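Reading through the structure tokens given below for one structure.
Since the structure is predicted, the reported quantities are computational estimates derived from the model, not experimental observations.
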Amino acid sequence: MPGFELFGDSERKELQDVLDNGVLMRYGFDGMRNGHWKAKELEKALQDKLQVNHAQLVSSGTAAVSVALATAGIGAGDEVIMPTFTFVASFEAIMMLGAIPILVDIDDTLTLDPKAVEDAITNKTKAIMPVHMCGSMANLDALQDICKKHSLILIEDSSQATGATYNGKPLGSIGDLGCLSLDFVKIITAGEGGAVLTNNEAFYRHADQYSDHGHDHVGNDRGAETHPFLGYNFRISELHAAVGLAQLRRLDEFVAIQKKNYSIIREALSHIPQVTFRTVPEGGEESYSFLSFFLPDLETSRKVIQAFKENGIDACWNYYDNNWHYIRKWEHLKTLKTLYPLSTKVKEGLEYLKSQTFEQSNHYIGRNISCLIKLSWTDEEVQERANRMYKVIHNILKNS
Ligand SMILES: *Cc1c(COP(=O)(O)O)cnc(C)c1O
């Protein structure tokens with residue numbers, strides 16, 4: 001990760017098709033296209049690759065989450081359970097609909113703790129949204145059981161784990177709805193973009209229409225289409241879809257490269273007894289986008305991160321001190337800094353953030369280090385990096 005590291009001729013060729021006919025929009029203009037429908041083609045390719053009946057492309061991963069929630073009828077005052085460790089997009093997408101993000105603790109999978117999820121369910125809860133962070137997944141069997149028991153919708157955000165599988169099925173294809181991001185730093189990129197995945201025909205129809213101003217997409221005269229309900233514009237462009245199409249064809253290649261690089265580094269670190277690795281739920285296979293491991297405490301993690309920097313080991317994070325991915329630094333959410341007034345329901349619904357501490361999440365995030373696995377490293381670079389990481393951690397633990 002990310003796919004842009006290996007951007008090349010195939011991406012250029014798909015883009016050139018679009019530039020040659022000049023139709024940058026995914027809908028209409030049938031006569032001018034020379035048969036090129038990149039967004040439609042990418043949707044078909046996503047359905048095949050990720051084993052779902054329907055894929056709806058949208059303009060971003062954040063839009064994908066909002067559209068997914070909307071398709072399931074989730075809105076004002078509804079509660080959506082999500083993890084404390086994710087990208088800020090998760091709560092943004094929920095709040096855009098006037099719904100209320102209910103943040104709950106993670107466990108040693110670095111994703112939703114099913115026990116914490118069950119404790120957070122109220123009569124307002126409508127959906128559970130696990131976020132498969134850093135290339136691995138939540139315990140989806142446990143979450144599916146909870147959803148069945150309480151009649152809740154399961155929405156997977158697999159923006160960071162495209163290419164990973166659970167019980168042999170691609171992430172994003174398992175819940176009622178799945179969301180992907182194709183932004184610039186994801187395993188396959190379109191520059192910007194996202195997708196909603198589902199096997200539910202009605203959800204798909206909603207997503208298709210809602211993401212294009214509520215257009216019914218019947219016939220081939222856009223001007224004559226009716227609007228079954230209100231929508232917005234979350235369309236992807238043909239330019240973005242063209243790049244995504246070329247990248248998706250390389251997903252297996254990217255995962256294989258990551259697995260090779262990940263395995264070399266993991267093997268080196270596994271010789272340090274105090275290092276443990278994140279738990280991957282039984283039946284899960286990572287996308288190997290990151291190697292995530294635990295150190296004995298926060299203090300050690302901070303020292304290791306500092307020493308990594310001094311030793312030229314980039315792209316490793318301890319998210320405890322991170323502004324984008326962990327609740328601890330989301331002051332703007334906790335104090336509700338918005339440009340515009342929020343509904344009373346949302347304000348009241350988020351009161352809990354002023355007082356709730358997430359000790360269990362702090363415990364895991366404080367001790368965790370996640371390192372990005374790059375596609376462009378040579379074998380020598382990976383081995384050299386693995387050796388250096390081993391030495392840095394070994395020295396710090398020896399002196400503490
Ligand atoms: C990147 C990301 C998103 C949002 O994707 P954008 O395409 O950047 O809007 C959502 N969730 C997670 C976990 C992400 O990593």
Side-chain angles (χ1 to χ4, degrees), residues 2-61 63-64 67 162-163 170 172-173 178-198 201 204-228 231-254 375:
F4 75 71
E5 292 179 84
L6 298 183
F7 192 92
D9 287 343
S10 51
E11 286 79 1
R12 257 189 295 277
K13 185 201 161 293
E14 293 297 331
L15 257 179
Q16 195 60 49
D17 286 345
V18 180
L19 294 173
D20 286 345
N21 68 43
V23 182
L24 311 187
M25 186 179 181
R26 67 160 301 176
Y27 297 113
F29 304 93
D30 301 23
M32 290 167 61
R33 290 183 173 270
N34 295 329
H36 293 308
W37 298 88
K38 298 299 180 187
K40 277 191 210 296
E41 217 183 312
L42 177 52
E43 282 166 349
K44 175 76 180 58
L46 281 168
Q47 288 162 22
D48 293 344
K49 188 81 216 160
L50 301 179
Q51 300 168 34
V52 279
N53 292 345
H54 307 285
Q56 175 66 44
L57 285 168
V58 290
S59 50
S60 71
V67 170
T162 308
S173 72
C179 304
L180 302 183
S181 166
L182 302 171
D183 84 17
F184 193 54
V185 296
K186 297 305 193 306
I187 182 166
I188 50 169
T189 179
E192 297 283 2
V196 178
L197 312 174
T198 187
E201 170 77 34
Y204 163 67
R205 197 163 16 83
H206 292 165
D208 170 55
Q209 298 173 345
Y210 180 74
S211 60
D212 183 26
H213 304 293
H215 269 278
D216 65 16
H217 295 154
V218 174
N220 56 6
D221 177 1
R222 262 180 85 74
E225 291 178 19
T226 65
H227 304 99
Y232 286 100
N233 177 3
F234 294 117
R235 290 189 306 258
I236 195 166
S237 81
E238 284 287 276
L239 291 170
H240 293 93
V243 178
L245 186 57
Q247 288 257 302
L248 179 62
R249 293 193 190 115
R250 306 177 72 180
L251 179 60
D252 292 343
E253 175 197 342
F254 291 175
L375 294 166

Original post:
salt bridge (charged side-chain N to carboxylate O under 4.0 Å, His left out) between D9 and R12: does it pass, once the steps are laid out?
Top reply: CA-CA 5 Å; D9 287 343; R12 257 189 295 277; 3.0 Å; yes
I'd like to know if the side chain of [X] reaches the main chain of [Y], judged simply by a donor and an acceptor atom lying under 3.5 Å from each other, with no hydrogens or angles considered.
X    : Y    : value
E5   : L375 : yes
Q247 : G3   : yes
N34  : H36  : no
S59  : G193 : no
E11  : V243 : no
D216 : E225 : no
R249 : S10  : no

What's the spacing between [X] [atom1] and [Y] [atom2] if we round to 0.5 Å?
X    : Y    : atom1 : atom2 : result
K49  : D252 : NZ    : CG    : 3.0 Å
H215 : H227 : NE2   : NE2   : 4.5 Å
F254 : L248 : CZ    : CG    : 10.0 Å
M25  : I236 : CE    : CD1   : 13.0 Å
E238 : L19  : CD    : CG    : 11.0 Å
Y204 : Q209 : OH    : CD    : 9.0 Å

[Y] and [X], any side-chain heavy atoms less than 4.5 Å apart:
X    : Y    : result
Y27  : H217 : yes
E41  : K38  : yes
W37  : V23  : no
T198 : N53  : no

Using every non-hydrogen atom in the two residues, find where [X] and [Y] come nearest and quote the distance to one decimal.
X    : Y    : result
L251 : G163 : CD2-CA, 4.1 Å
L46  : A195 : CD1-CB, 3.9 Å
G214 : P228 : O-CD, 3.0 Å
P170 : S173 : O-OG, 2.6 Å
E43  : L57  : OE2-N, 2.9 Å
F184 : T189 : CA-OG1, 3.2 Å

Original post:
According to the interplanar angle, ranging from 0 to 90°, do the rings of Y232 and F234 count as parallel (below 30°), tilted (30 to 60°) or perpendicular (above 60°)?
Top reply: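 Tilted, since the angle between the ring planes falls between 30° and 60°.
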**OP:** Please lay out, stage by stage, how E14 and V18 fare under the test side-chain contact (heavy atoms from CB on, under 4.5 Å).
**Re:** CA-CA 7 Å; E14 293 297 331; V18 180; over 6 Å; no
**OP:** Could you check R222, Q56, R26 and say which one makes a side-chain hydrogen bond (donor to acceptor under 3.5 Å, both in side chains) with D212?
**Re:** R222
**OP:** Could you walk me through whether T162 and K186 pass the side-chain contact (heavy atoms from CB on, under 4.5 Å) test, one step at a time?
**Re:** CA-CA 8 Å; T162 308; K186 297 305 193 306; over 6 Å; no
